[in-house]
Amino acid sequence: MNDKNKLVAKEITLPVFNLADLRQSLLTWYQQQGRQLPWRNTRDPYLIWVSEIMLQQTQVKTVLPYYQRWLDTFPTLESLAKAELQGVLKAWEGLGYYSRARNLHKAAQIVLNEYNGVFPQQLSDVLTLPGIGRTTAGGILSAAFNQSVSILDGNVKRVLSRLMALPVPPKKGLKSLWQLSDLILDPENPRDFNQALMDLGAEICVKTKPRCLLCPWTSHCLAYQQGQQNQLPMTETTKPLPHKKIGVAVIYNDAGLILIDRRPNKGLLGGLWEFPGGKIEPDETVEDCIKREIKEEIDIEIEVGENLVNLDHAYTHFKVTLYVHICRYLTGEPKPIECEEIRWVSLEEIDQFPFPKANTKIIEMLKNR
DNA sequence: CAGACGTGGAC
DNA sequence: TGTCCAAGTCT
């Protein structure tokens with residue numbers, strides 16, 4: 001094969017570091033400046049596991065109240081494994097990335113049934129559990145059992161990108177970053193070292209205005225030595241987000257109950273409840289859209305009434321505007337054609353059901369009406 | 001293997 | 001209002 005015309009990925013050579021000093025300076029800093037976090041007061045793999053899953057793509061500050069409530073509701077792996085999925089989703093409501101809750105629930109059942117309720121200590125076993133990838137596995141095994149397994153989360157990517165002055169965006173340099181994380185991990189203190197690395201990223205080596213004067217690694221950091229700490233890591237390329245217009249129906253029947261439906265367990269907001277609706281087609285009015293969608297999804301006839309509110313909401317990969325209308329049920333037997341389940345509920349009991357954030361805003365408006 | 005997958009904080 | 005991105009994983 002003639003690779004003359006191919007773009008060959010540039011091999012990135014790791015710099016040479018004084019590992020003993022690198023490790024010691026970070027561990028000393030961590031002893032003095034490390035964060036006090038609830039999941040650091042335990043070595044119970046379940047308690048650490050829950051924290052690792054909640055912390056995926058989610059800031060510590062956001063996680064803290066959810067973590068406490070979760071452990072009140074599901075204090076043990078067994079209590080989680082035996083819970084209903086709807087209750088699990090309710091405890092996760094508002095945290096986002098709901099596959100994390102579904103996978104955590106499923107994985108707890110696997111540990112209970114296939115590992116006799118004892119969290120596995122083999123990396124290869126841990127990696128088979130749904131929702132646990134390389135970073136989460138390393139986080140759990142190092143924190144719970146002090147195993148020497150490296151991690152590469154958002155903090156570590158940023159710290160190491162600067163440490164080695166990575167000349168490409170982190171997504172393009174994953175191989176090098178993992179190699180470096182492996183290289184510098186202190187085999188004598190993997191638990192503290194991994195935690196320290198994340199704290200350094202969260203408190204010192206932050207995205208904007210890194211606090212280099214407080215950093216224990218200035219003498220090792222290539223970005224700092226080159227004055228590039230504000231330019232690194234290189235930013236990822238982004239695409240413009242599509243914007244969808246959605247017609248949403250709050251359908252009342254003559255008894256004053258509201259129709260809600262449960263989304264399929266896979267995909268966006270899987271397993272959560274919602275007010276039915278759908279995408280407004282080009283040249284279609286909101287009213288026509290809502291009537292059409294409700295007929296297609298639930299097979300009932302409704303009268304589309306007043307506009308309750310229009311809501312803008314941003315997801316990771318698209319934006320939506322929800323055009324919410326109060327509707328009146330007319331005829332037909334509701335059928336769950338494009339959803340899992342349909343219920344007529346009162347405003348008093350609606351809080352028992354897990355809803356996505358965009359829908360809880362609607363619920364608050366209905367209560368205040 | 002890029003794209004799917006939530007929400008909120010920071011600027 | 002917009003952009004970036006946070007203790008990533010799955011397909």
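Each chain gets a letter, A, B and so on, in the order the sequences are listed, and its residues count up from 1.
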* Please work out if Val60(A) contacts a base, only the sugar-phosphate, or nothing of the nucleic acid, heavy-atom cut-off 4.0 Å. => base
* Are Arg162(A) and Trp217(A) in a cation-pi setup, meaning NZ or CZ lies under 6.0 angstrom from the ring centre and within 45 degrees of the ring axis? -> no
* To do: Might you confirm whether atom NZ of Lys82(A) has over 12 heavy atoms from other residues, nucleotides or ligands at distances under 6.0 Å?
  => no
* **Integer-rounded Å distance: dA7(C) C1' and Gln195(A) CD** => 9 Å
Please list, pair by pair, any protein nitrogen or oxygen found under 3.5 Å from a nitrogen or oxygen in nucleotides 7-11 of chain B.
from: dT7(B); atom 1: OP1; to: Tyr98(A); atom 2: OH; distance (Å): 2.8
from: dT7(B); atom 1: OP1; to: Lys357(A); atom 2: N; distance (Å): 2.9
from: dT7(B); atom 1: OP2; to: His313(A); atom 2: NE2; distance (Å): 3.1

* Report which part of the nucleic acid Leu37(A) touches: base, sugar-phosphate, or nothing (heavy-atom distance under 4.0 Å, all strands). => base
* Please state how far atom NZ in Lys171(A) lies from atom P in dC4(C), giving the value in whole angstrom units. => 12 Å
* Round to a whole Å and report the spacing from CZ of Arg100(A) to P of dA6(C). => 14 Å
* Derivation and outcome, salt bridge (charged side-chain N to carboxylate O under 4.0 Å, His left out), residues Glu303(A) and Lys291(A) -> CA-CA 8 Å; Glu303(A) 176 187 307; Lys291(A) 281 196 71 163; over 6 Å; no
* Pick the C1' atom in dC5(B) and in dC1(B), then give their distance to the nearest Å. => 16 Å
* Give Lys239(A) one of three labels, base, sugar-phosphate or nothing, depending on what nucleic acid heavy atoms sit under 4.0 Å from its own. => sugar-phosphate
* Asked: Taking side chain as C-beta onward, heavy atoms only, is Glu301(A) less than 4.5 Å from Tyr329(A)?
  -> no
* P atom, dT11(C) versus dG6(B): distance in rounded Å? -> 14 Å
* Relative to Phe353(A), does Lys90(A) satisfy both conditions: NZ or CZ under 6.0 angstrom from the six-membered ring centre, and within 45 degrees of the ring's axis? -> no
* In whole angstroms, how far is the C1' atom of dC5(B) from the CG atom of Leu104(A)? -> 17 Å
* **Atom-to-atom span, CG of Leu55(A) to P of dG6(B) - whole angstrom** => 17 Å
Can you name the atoms? Protein N/O to nucleotides 9-11 of chain C N/O, anything below 3.5 Å, with the distance.
from: dT9(C); atom 1: OP1; to: Gly133(A); atom 2: N; distance (Å): 2.8
from: dT9(C); atom 1: OP1; to: Gly133(A); atom 2: O; distance (Å): 3.2
from: dT9(C); atom 1: OP1; to: Thr136(A); atom 2: N; distance (Å): 3.0
from: dT9(C); atom 1: OP1; to: Thr136(A); atom 2: OG1; distance (Å): 2.8
from: dC10(C); atom 1: OP1; to: Gly131(A); atom 2: N; distance (Å): 2.5

* **Rounded interatomic separation in angstrom, taking NE2 from His317(A) and P from dG8(C)** => 18 Å
* Asked: So what does Trp39(A) touch, heavy atoms closer than 4.0 Å: a base, only the sugar-phosphate, or nothing?
  -> base
* Between Arg69(A) and Tyr66(A), is NZ or CZ placed under 6.0 angstrom from the six-membered ring centre and within 45° of the ring axis? -> yes
* Asked: Between Glu188(A) and Phe193(A), is any pair of side-chain heavy atoms under 4.5 Å apart?
  -> no
* To do: Using atom OH of Tyr66(A) as one end and atom P of dA7(C) as the other, report the distance to the nearest whole Å.
  => 18 Å
* To do: Quote, to the nearest angstrom, the P distance that separates dT9(C) from dG9(B).
  => 24 Å
* To do: May I ask you to say what Thr238(A) touches in the nucleic acid, namely base, sugar-phosphate or nothing, with a heavy-atom cut-off under 4.0 Å?
  => sugar-phosphate
* Could you state the interatomic distance from CG (Leu308(A)) to NE2 (His325(A)), rounded to the nearest 0.5 Å? -> 9.0 Å
* Asked: From Leu259(A) CG over to Ile298(A) CD1, what is the distance, rounded to the nearest 0.5 angstrom?
  -> 5.0 Å
* Structure fact -> When rounded to whole Å, the CE to P distance for the pair Met54(A) and dA7(C) reads 16 Å
* To do: Scan Lys319(A) against the nucleic acid and name what it touches under 4.0 Å (heavy atoms): base, sugar-phosphate only, or nothing.
  => sugar-phosphate
* Asked: Which part of the nucleic acid, if any, lies within reach of Arg102(A) when heavy atoms closer than 4.0 Å are counted: base, sugar-phosphate only, or nothing?
  -> nothing
* Asked: Roughly how far apart, to the nearest Å, are dG8(B) and dT1(C) at atom C1'?
  -> 16 Å
* Would you find a donor on one side and an acceptor on the other, under 3.5 Å apart, between the side chain of Asn189(A) and the backbone of Asp192(A)? -> no
